[in-house]
Every structure is written in structure tokens, then in C-alpha cells.
There are 2 protein chains.
Amino acid sequence: MSDEQRGRPSASVHRVGGPLGDLQAPQDNPATPRRRADAVRNRAQILAAAEQLFTEHDPRTITMDRIAKAAGVGRATLYRSFPDPSSVAVALLDEHERRLQGQLIYGPPPLGPGAPPAERLSAFYLAMLDLLERHLPLALGAEVGPDRYTTGAYGFWRVHVRTLLVEGRVSDPDALIDIVLSPLAPELFRFQRHGMGLSRDRIASSLTGLARRLIPPG
Amino acid sequence: MSDEQRGRPSASVHRVGGPLGDLQAPQDNPATPRRRADAVRNRAQILAAAEQLFTEHDPRTITMDRIAKAAGVGRATLYRSFPDPSSVAVALLDEHERRLQGQLIYGPPPLGPGAPPAERLSAFYLAMLDLLERHLPLALGAEVGPDRYTTGAYGFWRVHVRTLLVEGRVSDPDALIDIVLSPLAPELFRFQRHGMGLSRDRIASSLTGLARRLIPPG
DNA sequence: GGGGTAAGTGGACTCTGTGTCCGCTTAGCA
DNA sequence: TGCTAAGCGGACACAGAGTCCACTTACCCC
């Protein structure tokens, strides 16, 4: 069974892929026999229950057992779809991230193509900030160990940022990509926002300022 | 028993403290009865064994049990000094970080006082990169959950960076501190260095470039 | 130097979560 | 309506966390 079917999106899906990889549901693949109705229903129950759990409790306390209990399914059923709690969060987060990914490629400027790279980077920062603001528990739940960098979504952000950096004529863009993305780490956002009590706007201003300095206008 | 004695350095130790907090050993405190020789010996054994474990194995697989076994002590003895594996790594890392902390305050420029803030920030980036390069396993082992931001050492780096940002006349320095520090996350360094195969020098160049752009010369 | 005392020690024990296995159920199809 | 295998879920074994308590021994005092 592929990783995608098991809930943890494979890197290739978002990695770059022409038209956004496969945005359609997995079962559209003719090679896949067709998923049973009860399995589909269970998966939906799991996702719904998990979203609530992650939102209402400390993401680090969410175990496979709790998710299964909350979804009203057995442990093995849960394991059939997801290997661990963070992959459930990743799947959930995925839906929200895909919308942004679509906007980055096809949407209107400054998020989409057409605006100067510095402005697009600023817009990207702001959009990611919104994503974090709205779905912080999921973003935190999706972070287990070095998962942040191996997740398909991170690969997508990398490709996007790289494009902007190249377009902006910075030197050695490849060495700068992950530095540009580092202020968007969920754990960091949480610390700034709730530990330090910074407002969304102050963080946003700092990030747009950073974008402006990183990519010289022109 | 204080946190410091239990291995996890309290925030105040590094936070800023006049002469570097208390750099001398804990037992110099007259209020502390005096530690028994066997306890001191055990602690040293634990640290030595743990350093080797963290260096030679995946930091995430290091358990309290393994450390105790490797050090030749019982589990409870280990728990007496450290609450979890990451705090052992923190204690180990601490020794190396204190040297750098001393240099930042008392050392010669550009690391210490005297150089323009942009240059001092660059020097700080390079020194931190060296620390990561040399002690990456410990740095990774010290990272469990949101510990990065609650550790005493992180507080020290914050104070230092804040000073430089204020001196460099950037707008809203407090919102920029953690953004400036974010590219130094151990997990990120690991990804850049070993996942992406970037050389130390390319990362260094990107960071010094970043420092130059963030703090305008003058 | 010997005895008292409390700090220190270490193994055993419980608890929680993980991951797998296997017999039962039931959806999908002919 | 009956067949078949995908899907299901409880049970099980295992690993690591954290605690407890009876034993040991370093240190202090006489």
C-alpha cells in the first residue's frame, strides 16, 4: 500500500508536480480496486475526531489510542489508515495547505504569479502566518521529530521560495531557501505568539520587512 | 531540590546575570550541604556515558534506561540527577555553550563588544554554526518538544541578539529576535547540512549575508 | 577510629502507549 | 442470496517512563 493511501502524503505529491500533483482523491486511480464504503466512512470519522482532539488538547498528548476511541473505531482500523498521530495531523493540515498551494500557482498576485518576487514572498509569509494562526494545533501535532522537512508540503514551500529567490537574483538561492522558511516553524510561531505575547501584526511586519531586505527590489 | 542541581539549568543562570550567572560548580553554594563523593562520581559517569551515546546513536533512541546501563548506575540514580534524556544532553551542551557565552560578553571583537552590530551578529552566526557542527548530536538530543525556547541558553541568545538589534536601530527588535535565531535550529541545520548536502561555508555565507541585510551598516 | 544518620543507590513494580496478529464481520459483486 | 476478501477490532506482547522502598555507604561528630 502506498504512503498516500496510508495518510502520510508522499513527497512527490506536492513536491512540484505539474498541475499540483494529484489533487483528486486517491480512489480515482483505476489501479486501486475501490475502497469499501465503511472504510471511507471510518476514515472520515477518524479525521473529524482527530481534528477536534488536536484542537482541544495539547497535541503532544494525542495518542493513537485516544484517536481510535474518539472516532469509535478499533486501534488496528486506525493503524490501517495512519502509522502515527502526527500523520493524522499531516493529513488534516494537508487539506488547508492545498488551497494555499493552488493560490501560489494559479491565484492572482501578489500571492500568485505576476508580482515582483519580494512582494510575492511577503504575501507568502502572510498567508503562512494565517495558516498557522488558524491551524496551529494541527501544525504542532504534525511536527514530530524531523518530520517538518520530510513532509510533502515542506517540499512544496521549498520549490516556491526557490523560484522567488532565483527570480529575485539573490546569490546562492539554494542555501537560502530553508533559512527563509525557518521563521515559519510552528513551534516558533507558538512561542512568539503565546509565549512572548506578540500580536499577529508585529510578526507579520517583521516578516514582510525580512522579505523586503532579502530580495532587493528591481 | 533546585532545577540546576537536577541537571536542567534554570533560565536565570544564563538569562543574563551580571558575571555570567554562576559559572562555578553548584556545590560552592554554602547553603547546599555538600554533595557526596559517590554522587559526584556517578554524575560524571552519567555525563560521559551519555555524551558517547548521543554521539554514536540516533539521539531520539536514547532512553533513560540506556543511559543508566551505559553509565553503570541504576535508573533511580539517573533520575536523581536528570528528569529525562534531553536534560542530560542540555547539561552536556551547556558546558560548550558557556564558553561562547563568555566570549560574547567579555571576548574580543567581533564576537565580543566593540565591533559594529552587523559584524557582531555575523560572528555570532558563525560561532553558533561551529557549535552545531561540533555538537550536533547533543543539540538534537536536547531538542524535545518546545524545549528549545524554554532552555536557559536560548534565553541568553535572545538577550544577546536583542542587544545587537537595538544597537543596530532596527524597528521593533523584540519581534525580530526569534526570527533572527530561527535559522539556527539544530534540526534545520541537520537538514541543510546532511539532508541537502550543503557545505558549512555555504550556510555560513547565507547567514552572514542575512546579518548584513538585517542590520544596516552605520 | 567507630557509630549514627541521612543522602544516595538500584532493582522491582506499575502504568501507559505502541504495534501486530488473528478470528470475526460485512460490503461488494455475481 | 451466497461467496470472497477487504475491513475490522479486541487481545496480546513489548518497551519505556516514572516511582517506591529496603539496603548501602559517605560524611560528620565524638
Side-chain angles (χ1 to χ4, degrees), chain A residues 1-3 5-8 26-27 29-47 49-50 53-54 57-89 141 144-145 147, chain B residues 1-8 26-47 49-50 53-54 57-89 141 144-145 147:
Chain A
M1 180 175 269
S2 78
D3 269 357
Q5 282 174 277
R6 303 211 57 208
R8 188 180 287 286
Q27 59 263 40
N29 182 344
T32 311
R34 173 154 174 46
R35 307 193 60 204
R36 267 171 54 164
D38 52 353
V40 173
R41 187 176 0 103
N42 277 335
R43 190 189 156 92
Q45 281 177 17
I46 289 169
L47 288 176
L53 277 181
F54 276 113
H57 303 87
D58 181 345
R60 280 166 302 171
T61 67
I62 308 303
T63 67
M64 291 298 263
D65 213 36
R66 288 183 75 182
I67 298 175
K69 286 270 199 329
V73 302
R75 297 171 44 66
T77 303
L78 177 54
Y79 272 103
R80 173 167 279 270
S81 298
F82 303 97
D84 51 54
S86 79
S87 67
V88 183
V144 178
D147 274 11
Chain B
M1 181 174 266
S2 79
D3 270 358
E4 173 61 19
Q5 282 173 279
R6 302 212 57 206
R8 187 180 286 287
Q27 57 263 42
D28 288 3
N29 184 343
T32 312
R34 175 157 177 40
R35 307 194 61 203
R36 269 171 52 165
D38 53 351
V40 173
R41 185 176 0 102
N42 276 335
R43 191 189 157 93
Q45 282 178 19
I46 289 169
L47 288 175
L53 277 181
F54 276 113
H57 302 87
D58 181 344
R60 278 167 304 170
T61 67
I62 308 302
T63 65
M64 290 299 262
D65 212 35
R66 288 183 76 182
I67 298 176
K69 286 269 200 326
V73 302
R75 294 170 48 67
T77 302
L78 176 55
Y79 272 103
R80 173 168 280 271
S81 298
F82 303 98
D84 51 54
S86 79
S87 66
V88 183
V144 177
D147 272 14

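Predicted model, so just to flag it, every value in this text is computed and none were measured. Below, chain A is the first sequence line, B the second, and so on; all start at residue 1.
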B/P85 side chain reached by B/V88 side chain, heavy atoms, under 4.5 Å
no

Does C/dG8 have OP1 or OP2 under 4.0 Å away from a side-chain N or O of B/T77?
no

Does a donor on one side chain and an acceptor on the other come within less than 3.5 Å for B/D65 and B/T63?
no

Starting from [atom2] on [N], measure out to [atom1] on [X] and report it in whole angstrom.
X: B/R43; N: C/dA7; atom1: CZ; atom2: C1'; answer: 16 Å
X: B/I67; N: D/dA15; atom1: CD1; atom2: C1'; answer: 16 Å
X: B/R80; N: D/dG18; atom1: CZ; atom2: P; answer: 17 Å
X: B/N42; N: C/dA7; atom1: CG; atom2: C1'; answer: 12 Å
X: A/K69; N: D/dG10; atom1: NZ; atom2: P; answer: 8 Å
X: B/Y79; N: C/dC13; atom1: OH; atom2: P; answer: 18 Å
X: A/L78; N: D/dG10; atom1: CG; atom2: C1'; answer: 14 Å
X: A/D84; N: D/dA15; atom1: CG; atom2: C1'; answer: 17 Å

Both B/R41 and B/P85 contact DNA chain D. Taking the nearest nucleotide for each, which residue is further toward the 5' end?
B/P85

A/A76 or B/T63, whichever maps to the more 5' nucleotide of DNA chain D:
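Its nucleotide being nearer the 5' end, the pick is A/A76.
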
Would you say the base of C/dG11 and the side-chain of B/R75 have a donor-acceptor pair closer than 3.5 Å?
no

In this structure, CZ of B/R75 is separated from NZ of B/K69 (nearest 0.5 Å) by 8.0 Å

Taking all heavy atoms of A/F82 and all of A/M64, pick out the closest pair and write down the distance.
O-CE, 3.2 Å

